[in-house]
Enquirer: 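Sharing a structure, written as structure tokens. Questions coming.
Every value quoted in this text rests on a predicted model; they were computed, and no experiment measured them. Convention: sequence-line order gives letters A, B, ...; per-chain numbering from 1.
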Protein chains: 2
Amino acid sequence: MNIGDAAQASGLPPKTIRYYEDIGLVQPDRRGNNYRDYSDTHVHNLQFLARARSLGFSIEECRQLLSLYGDRCRASGDVKAIAIRHISEIERKIAELQAMHDTLSSLVEACHGDHRPDCPILKDLAGDRT
Amino acid sequence: MNIGDAAQASGLPPKTIRYYEDIGLVQPDRRGNNYRDYSDTHVHNLQFLARARSLGFSIEECRQLLSLYGDRCRASGDVKAIAIRHISEIERKIAELQAMHDTLSSLVEACHGDHRPDCPILKDLAGDRT
DNA sequence: GATAAGGGTTCCAGCTACTGGAAAGTCAAG
DNA sequence: CTTGACTTTCCAGTAGCTGGAACCCTTATC
């Protein structure tokens, strides 16, 4: 299967698939014309990666997950540990964004937002937290 | 004021302050020995940037905000517009993270997480959404 | 006066995870 | 035989810094 078809099947752009090969995630065979040749297993792994990435796992986490996926003797506890760590990270990010959101919301609410120069948002940024 | 003192006063590392100069955000004077020389206004602007960055504004948004901050004829509506756009972006990111969080949470909950290889998390990643 | 510590300076490379573009090779259809 | 779609490689750029090397400046101490 050519890279274009693998892209179709996995939902990943060809550029990304080549990149994943570069960093050693999915290594396809080569045909006589030097075109990459993707087997069903390759495509399956690409789909796996697409899904894992869409859940926010980093490339290195994906590498570990893929390795566990291919290991018949894996312990589900190892997978779960990675997922739990990732969830904490997500929660941290959400909290960070939520804090920004709350601050900005109250500033925006306090700003009349017309042609006049007086602006509580700029005041806050300038260090005036009255 | 030397860069080290400006760093102390603004809470930004010297490396970051030099970077901000590179991209034209805060341009200090130079002293005879070629050392950067930061005035109170410079430091004030660095603090402004640190605060704006901590609220998640991009560098380009910071540039606009800083420009509006220095413009006595600004309209607060312009500032508000930038903030509102930024809030939407934050909301989008939170929603994205929340969706990941929900999916991962239910997967983690379904995973017994012991030494056995059977794992709902990997099953999901592999495309089995039963 | 020599020297060592603790600033400062420049420049180059690397981080994440791709993405765009150039130049060239390959393949199928008309 | 040419056109167009696809493929290849390689180089560069994105955001926002950060680390490190190699060197200069200032001050204090011996």
Enquirer: What parts of residues 36-61 of chain B reach DNA chain C, counting only heavy atoms under 4.0 Å away?
Expert: B/Arg36
Enquirer: Could you check whether A/Arg36 pairs with A/Asp29 (Lys NZ or Arg NE/NH1/NH2 to Asp/Glu carboxylate O, under 4.0 Å)?
Expert: no
Enquirer: Check step by step if side-chain contact (heavy atoms from CB on, under 4.5 Å) holds for B/Ile17 and B/Val26.
Expert: CA-CA 8 Å; B/Ile17 296 179; B/Val26 174; over 6 Å; no
Enquirer: Are more than 12 heavy atoms, taken from residues, nucleotides or ligands other than A/Asp40, located less than 6.0 Å from that residue's CG atom?
Expert: no
Enquirer: Could you list where the contact with chain A starts and ends along DNA chain C, reading 5' to 3', using a 4.0 Å heavy-atom cut-off?
Expert: C/dA17 to C/dC27
Enquirer: So, B/Glu89 and B/Arg85, do they make that salt bridge, N to O below 4.0 Å?
Expert: no
Enquirer: Are A/Glu21 and A/Arg18 ion-paired here, with the side-chain N under 4.0 Å from a carboxylate O?
Expert: no
Enquirer: How long is the span from the CD atom in B/Gln8 to the CD1 atom in B/Ile3, to the nearest 0.5 Å?
Expert: 12.5 Å
Enquirer: Rounding to 10 degrees, work out the angle separating the end axes of the helix from C/dG1-D/dC30 to C/dG30-D/dC1 (five pairs an end).
Expert: 30°
Enquirer: Restricting to pairs with a member in residues 71-107 of chain B, which pass ring pair (Phe, Tyr, Trp, His ring centres under 6.0 Å), not counting sequence neighbours?
Expert: B/Phe57-B/His86
Enquirer: For the CD atom on B/Gln27, are there more than 12 heavy atoms of other groups (residues, nucleotides or ligands in this structure) within a distance under 6.0 Å?
Expert: yes
Enquirer: If I take atom CG from residue A/Asn45 and atom CG from residue A/Leu25, how far apart are they, to the nearest 0.5 angstrom?
Expert: 9.5 Å
Enquirer: Can you find a side-chain donor-acceptor pair between A/His44 and A/Tyr69 that sits under 3.5 Å?
Expert: yes
Enquirer: Going from NE2 on A/His42 to CD on A/Gln47, what distance comes out if it is rounded to the nearest 0.5 angstrom?
Expert: 13.0 Å
Enquirer: So, taking the atom named OH in A/Tyr19 and the one named CG in A/Leu12, what distance separates them when rounded to the nearest 0.5 Å?
Expert: 13.0 Å
Enquirer: Hey, can you pull the residues of residues 3-24 of chain B with a non-hydrogen atom under 4.0 angstrom from DNA chain C?
Expert: B/Ile3, B/Gly4, B/Lys15, B/Arg18
Enquirer: Just verifying a value: how many Å separate B/Gln64 CD and B/Asp78 CG, rounded to the nearest 0.5 Å?
Expert: 9.5 Å
Enquirer: Can you tell whether the side chains of B/Asp118 and B/Lys123 come within less than 4.0 Å, N to carboxylate O?
Expert: yes
Enquirer: Base, sugar-phosphate or nothing for B/Arg31? Non-hydrogen atoms, less than 4.0 Å.
Expert: nothing
Enquirer: Under a 4.0 Å threshold between the charged nitrogen and the carboxylate oxygen, would B/Arg30 count as salt-bridged to B/Asp37?
Expert: no
Enquirer: Shoot me the first and last contacting nucleotide of DNA chain D against chain B, ordered 5' to 3', at under 4.0 angstrom to non-hydrogen atoms.
Expert: D/dG16 to D/dT26
